[in-house]
Amino acid sequence: MVNFREIEKKWQEVWEKEKVFEADVDSSKPKFFITFPYPYVNGAPHIGHGYSFLRTDAYARYKRMRGFNVLFPQGFHATGEPIVGVWERLRNNDEKQIATLKKSGATDEDIERFKETPENIVRFWMKRWMEDLKMVGASIDWRRTFVTTTMTLQYSRFIEWQYNTLRKRGYIKKGTHPVIWCPHCESPTGDHDRLEGEGESPVDYVLIKFRLVDEDAFLVAATLRSETVFGVTNIWVKEDADYVKARVNGEVWIISKDAVPKLADQLKEVEVLEEIKGRDLLGKRCANPVNGKHVPILPADFVDPSNATGVVMSVPAHAPFDYAAVMDLLKDRDKLVRYGVSADELEPISLIDVKGFGKLPAKEIVEKTGIRSQTEKEKLEEATRKLYKNEFHLGKLKETCGEFAGMKVSEVKEKIAEWLKERGYADVMWECTGRVVCRCGTTCHVKILKDQWFLAYSDEDWKRKVIEHIKRMKFYPEDVRQQFINTVEWLKDKACVRKTGLGTPLPWDKEWIVETLSDSTIYMAYYTIARIINERKIEAEKLTDEVFDYIFLGKGNANEVAKNSGLDVETLEEMRREFEYFYPVDLRNSGKDLVQNHLTFYLMHHIAIWDGMPEKWPVAISVNGRVMVEGEKMSKSKGNIIPLRNLVEEFGADPVRLNIVCSAEGMEEADWRVENIKGYVSRLEYLDGLVESLNAMKGKSVTNAERYLNSKLQKMIIEVTNAYEEMKFRTAITHVLFYGVNHLKWYFRRVGCIERANREVVERFLKAVIKMLSPIAPHFSEEMWHRMGESTLIVRESWPEADESLINEKAEVLENYLESLMDDINSVVRLVGAKPEKVKVYVASQWKRDVYALVLQKKEEAMKIIGNDDRFAEVRTKAIELAKNLLKKYYELEKTILLQEDELAILEEAREFLEKELGCELEVMKEEDASSTRASKAMPMKPGIEVV
RNA sequence: GCGGGGGUUGCCGAGCCUGGCCAAAGGCGCGGGGCUUAGGACUCCGUGGCUUAGUGCCUGCGUGGGUUCAAAUCCCACCCCCCGCACCA
């Protein structure tokens with residue numbers, strides 16, 4: 001049994017002592033700069049982090065062996081809200097929060113310290129992360145580590161420089177923007193901050209103003225279908241709901257009471273003048289702004305006063321809810337009389353021609369679905385969705401729609417809304433697409449934030465540059481390229497500042513903090529100089545914008561910059577050299593969930609900051625899928641989030657690395673399954689055993705078995721190298737550990753016993769296998785390497801190279817031949833049922849091989865040739881028959897055909913092996929020399945068999 | 001809705017781009033043999049159905065069509081599943 005834990009500790013110490021992962025400027029070697037996004041440190045690393053991280057680590061280790069000077073640094077991230085959230089909960093002695101932290105290993109003392117300041121929480125988790133990463137064998141240059149936020153003032157300076165630069169270049173602007181807002185917390189409510197309403201987003205309603213007849217007030221109806229304004233028959237309000245008359249931007253509006261705070265948050269001045277009830281409005285009339293028609297105000301139960309203005313315009317021809325409500329009302333003649341409305345007035349007005357529907361689509365669909373009244377909410381919603389989809393995509397406006405007649409709904413929708421607004425007939429109101437409740441329990445609404453700072457991601461010129469670069473970059477896997485392009489195309493301006501949380505204040509407007517995704521876009525550049533800053537404890541004040549301009553952009557004169565900043569010239573030049581040498585980032589690896597945000601921003605910002613310097617732009621991005629645990633999604637509620645540390649303690653780092661890194665490829669979801677570990681471990685143990693018995697191998701001869709093993713090795717090296725290059729670690733390890741071990745097993749079976757194995761050949765094979773294993777199972781490989789008598793460190797060794805002259809197709813064919821022969825004999829033996837005394841093997845005669853070869857090479861022509869060729873004179877009939885069969889079966893296959901002498905030779909060479917396997921004597925005969933009818937079954941590659 | 005990725009034999013997963021040694025790699029599981037006092041480990045054999053002295057046939061790679069001498073692989077339509085859609089790390 002291999003003691004993985006023991007081996008790991010030993011080699012981790014050696015690596016650290018030898019500083020093998022510390023990368024310095026070295027112009028004699030090509031550099032490779034690889035990064036893994038800095039993790040947000042509010043918890044311990046789990047298996048999900050492990051997957052992405054270990055893939056990165058494996059690639060770093062691979063590249064090191066390929067002769068690159070690999071820089072693999074790791075920083076940590078604490079910008080933003082969640083840590084502050086934890087801190088606040090702790091200060092409130094939140095039991096749940098305390099329990100969670102304790103479960104992750106925090107002591108009572110730790111908790112007390114956490115309460116003091118959020119920075120203590122950061123420090124705690126950062127330490128834990130570093131320990132855990134070291135534990136799994138991370139090959140990081142730790143001299144360059146830092147944590148974001150004002151805990152690293154130098155980094156804050158770097159962020160300031162970035163934002164100053166972006167602003168100078170016109171990539172930052174002020175703007176207004178609708179967000180879902182919690183009036184209690186006074187902050188935007190992101191998806192993850194919601195108790196209810198995940199996935200809901202702001203949507204803009206058109207508010208159409210219906211002037212009350214004989215009154216200086218507007219009844220303001222909210223609609224998502226302003227194109228139906230031409231077909232309004234009446235207005236709906238809810239009878240017992242609260243409404244108000246309010247002065248809104250100088251006009252008097254009648255809207256629901258709930259709408260008041262919302263409009264007030266949407267850059268409108270709202271002053272409530274009078275509170276009324278819905279019923280106070282019933283029976284009154286108001287004018288449709290588009291045609292002046294006076295329509296009645298009527299009651300409907302389906303109206304929701306908490307949605308938009310709580311006033312709805314009724315279009316019974318095209319809105320199922322309206323149609324149902326009208327029907328309900330028509331059943332109650334008394335009411336109609338009371339409100340002074342005639343049934344004729346409520347006759348639906350047809351507006352839209354839709355394929356598949358008649359004049360009154362809403363009526364049709366309501367009747368077809370069997371809806372009886374407006375109370376059947378779900379059915380009505382479904383009907384509305386269906387009808388709207390049809391009308392939007394297929395509908396055309398009819399002549400009732402004035403100047404818009406004949407146009408497609410999908411094309412004209414926006415235009416009508418604009419047209420209404422321009423004439424002062426309409427306004428806008430934002431509302432959530434569904435109910436959203438904040439974590440604090442408050443119902444949210446949409447607020448329009450004004451004077452926010454935005455990154456001008458909608459800038460077409462910026463986008464174009466980025467897309468062009470994306471087209472040139474390398475992606476792993478290739479599929480994500482298109483996703484990046486799509487993301488950039490879809491990008492809109494992005495708010496880049498917040499009021500709360502940890503982070504760097506915006507340099508020119510300090511009441512804002514640079515938002516977290518926006519501050520982590522080009523920090524990889526900071527790694528290049530972080531070592532110098534850390535080691536020489538360079539003060540933040542010395543890192544002026546001028547300094548950064550010099551280091552990163554090559555602007556200015558070193559002496560002058562040094563003088564102005566107080567830095568010494570050497571340090572400044574050294575930082576510049578580090579950056580120049582290591583930049584750009586050659587590979588950034590992360591989970592695919594970051595494509596739509598961080599990774600795209602990463603590209604956007606690099607191209608903005610290093611404008612016109614494509615040699616500093618990211619070279620490649622690699623993306624992997626998420627991680628499942630035992631086939632299930634990881635989630636807090638399932639409690640199946642496994643800390644990386646626990647796994648390492650239980651199974652050892654290398655088994656964990658293999659099991660997770662090789663569990664998926666490309667963008668597939670990785671699945672952590674404990675049962676798979678033993679497959680890897682058993683192969684490692686096989687290799688371990690083989691290393692142990694290397695000394696017992698005394699064989700010197702080179703038979704086909706050795707040629708075979710050599711040949712397989714060369715092919716394996718090529719295969720595995722290609723796989724590593726493309727980050728296809730599972731493919732690589734399948735070849736190394738499973739196919740590779742299977743080849744070894746076959747080899748030892750062939751030679752019969754350890755003593756007869758050719759040590760030189762086996763050792764060469766083993767060493768290559770171990771090297772190719774080492775990026776993923778580095779500790780085990782290091783151990784084996786030394787056990788094989790090597791004194792160098794395998795992490796510093798060079799990658800194996802294939803010797804193509806050792807590729808021997810024939811040797812492989814011969815071994816396959818033996819294997820399939822064994823198969824065939826076994827089948828016969830099994831059918832016979834008895835243990836054989838003797839097995840006779842009849843080798844096909846040469847003429848059959850000729851036929852075979854002809855058929856394979858010439859296909860259709862073969863028949864003719866056989867008919868004319870002298871070689872087949874004696875066996876012509878048989879040959880033609882054989883050719884027919886072969887043609888039928890092998891239409892276009894290529895297959896190596898052995899000569900008769902080849903077959904005889906290999907059977908002789910492997911006689912001992914075959915007899916041992918069969919447990920009886922073997923007799924080999926040429927087909928033409930045998931009398932048995934079984935002999936005629938002989939085929940090239942498939943001898944006739946007779947069991948006695 | 002928009003965009004991206006998928007559906008393969010008990011399971012996990014290769015293969016599909018570049019059609020044909022594909023009843024479909026490898027692993028796991030399961031069944032049997034060997035080794036062993038036994039178990040484990042290891043090792044060998046088997047693992048769609050029928051059939052057969054090593055063979056042949058049928059069914060088969062989400063569903064239904066098509067192209068082809070030949071399709072898991074190419075084309076078309078459909079069904080189903082997963083992920084992202086921002087001010088959040």
Side-chain angles (χ1 to χ4, degrees), chain A residues 1 37 39-40 42 77-83 177 179-180 187-193 199 201 385 389 392-393 449 452 454-455 457 477-480 482-487 489-498 501 515-518 520 592-598 600-601 625-626 631 633 662-669 671 673 675-676 678-680 682-683 685-686 689 730-731 733-735 737-739 742 745 748-749 820-833 856 860 887-895 917 934 937 939 941-947:
Chain A
M1 285 297 242
Y40 189 74
N42 64 340
H77 193 207
T79 306
E81 313 260 356
I83 289 172
H177 196 69
V179 294
I180 293 184
S187 71
T189 313
D191 241 357
H192 57 286
D193 289 328
S201 52
R385 241 193 320 273
K389 202 171 150 186
F392 181 77
H393 292 288
L449 290 177
Q452 267 256 65
F454 283 85
L455 286 159
Y457 284 164
E478 176 56 36
D479 310 345
V480 289
Q482 194 54 46
Q483 263 190 66
F484 275 101
I485 292 174
N486 294 343
T487 304
E489 280 174 352
W490 156 95
L491 229 42
K492 299 185 272 273
D493 290 347
K494 182 183 182 299
C496 60
V497 289
R498 281 184 76 91
E515 177 271 336
T516 142
L517 284 173
S518 317
S520 46
K592 67 175 167 188
D593 46 326
L594 295 191
V595 171
Q596 285 83 351
N597 41 63
H598 166 257
T600 298
F601 304 159
R626 298 192 139 258
K633 253 198 235 173
C662 304
S663 75
E665 232 163 58
M667 279 193 287
E668 300 156 355
E669 311 215 314
D671 193 0
R673 282 178 191 262
E675 64 168 15
N676 289 343
K678 75 176 175 193
Y680 295 109
S682 85
R683 265 63 182 192
E685 286 184 336
Y686 177 85
R730 185 173 54 199
T731 303
I733 288 304
T734 303
H735 278 89
L737 218 46
F738 294 103
Y739 298 168
N742 286 352
K745 285 180 179 174
F748 285 104
R749 205 172 142 196
S820 77
L821 177 63
M822 288 295 308
D823 257 14
D824 290 345
I825 297 175
N826 281 147
S827 319
V828 178
V829 169
R830 211 171 315 122
L831 282 166
V832 171
L856 294 186
E860 290 90 343
L887 265 178
K888 215 168 86 186
K889 198 168 161 192
Y890 300 112
Y891 196 75
E892 213 172 68
L893 306 183
E894 278 176 37
K895 205 165 178 179
E917 293 273 327
R934 309 253 180 247
K937 278 211 158 192
M939 289 287 286
M941 313 295 294
K942 227 169 170 46
I945 292 163
E946 186 173 4
V947 171

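Computed from a prediction, not measured in an experiment: that's the story for all the values here.
- B:C61 and B:C11 have their P atoms separated by 14 Å, given to the nearest Å.
- Within 4.0 Å of A:T487, counting heavy atoms only, lies no atom of the nucleic acid at all.
- Between B:G7 and B:A14, the two C1' atoms lie 15 Å apart (nearest whole Å).
- Note on A:G631: nothing from the nucleic acid sits closer than 4.0 angstrom, heavy atoms only.
- As a whole-Å value, the separation of A:I945 CD1 from B:U55 C1' is 12 Å.
- Taking the C1' atom of each, B:U18 and B:C74 are spaced 11 Å apart, rounded to whole Å.
- Nucleotides B:C81 and B:C75, compared at atom P, are 24 Å apart to the nearest Å.
- Close to B:C28, at under 4.0 Å from its OP1 or OP2, lies a side-chain N or O of A:R683.
- OP1 or OP2 of B:C82 has not a single side-chain nitrogen or oxygen of A:K633 nearer than 4.0 Å.
- A:R830 has its CZ atom 12 Å from the C1' atom of B:U47, to the nearest Å.
- Across the P atoms, B:G27 and B:C45 are found 11 Å apart, a figure rounded to whole Å.
- Under the 4.0 Å criterion applied to side-chain N and carboxylate O atoms, A:E668 and A:R626 are not assigned as salt-bridge partners.
- Across all strands, A:E685 comes closer than 4.0 Å to no nucleic acid atom at all (heavy-atom distances).
- Dashed line: the shortest gap from a side-chain N or O of A:K745 to OP1 or OP2 of B:G26 is not under 4.0 Å.
- Across all strands shown, A:V947 has heavy atoms under 4.0 Å from base atoms, whether or not it also approaches the sugar-phosphate.
- Residue A:S820 is classed as having no contact, given no heavy-atom separation below 4.0 Å to the nucleic acid.
- Spacing between B:U67 and B:G19 at atom C1', rounded to whole Å, works out to 11 Å.
- A cation-pi arrangement, defined by a distance under 6.0 Å to the six-membered ring centre and an angle within 45 degrees of its axis, is absent between A:K494 and A:F454.
- The separation of B:G40 from B:G54, taken at their P atoms, amounts to 35 Å, rounded to a whole angstrom.
- Separating the P atom of B:U68 from that of B:G84 is a span of 44 Å, rounded to the nearest Å.
- Contact annotation for A:Y680: no contact, since no heavy-atom pair falls under 4.0 Å across all strands.
- Among B:A25, B:G54, B:A53, the nucleotide with an atom closest to any side-chain atom of A:Y739 is B:A25.
- A:L449 comes within 4.0 angstrom of nothing in the nucleic acid, heavy atoms only.
- Nearest-nucleotide positions on RNA chain B for A:M939 and A:N597 put A:M939 closer to the 5' end.
- Nucleic acid contact class of A:N486 (heavy atoms, under 4.0 Å, all strands): sugar-phosphate only.
- When distances run from any side-chain atom of A:R730 to the nucleotides B:G13, B:G5, B:C28, the shortest one goes to B:G13.
- Nearest to the side-chain atoms of A:E669 among the listed nucleotides B:G29, B:G84, B:C82 stands B:C82.
- Counting to the nearest Å, the C1' atom of B:G4 and the CD1 atom of A:I485 are 13 Å from each other.
- For A:N826, whose side chain is taken as the heavy atoms from C-beta onward, the closest listed nucleotide among B:G5, B:C45, B:A14 is B:C45.
- If you check B:A86, B:C42, B:U52 against the side chain of A:S682, the one that comes closest is B:C42.
- A donor-acceptor contact closer than 3.5 angstrom links the side chains of A:Q482 and A:N486.
- Within the structure, a side-chain polar atom (N or O) of A:K937 is placed less than 4.0 Å from OP1 or OP2 of B:G54.
- One N or O donor and one acceptor, one from the side chain of A:R934 and one from the base of B:A53, sit under 3.5 Å apart.
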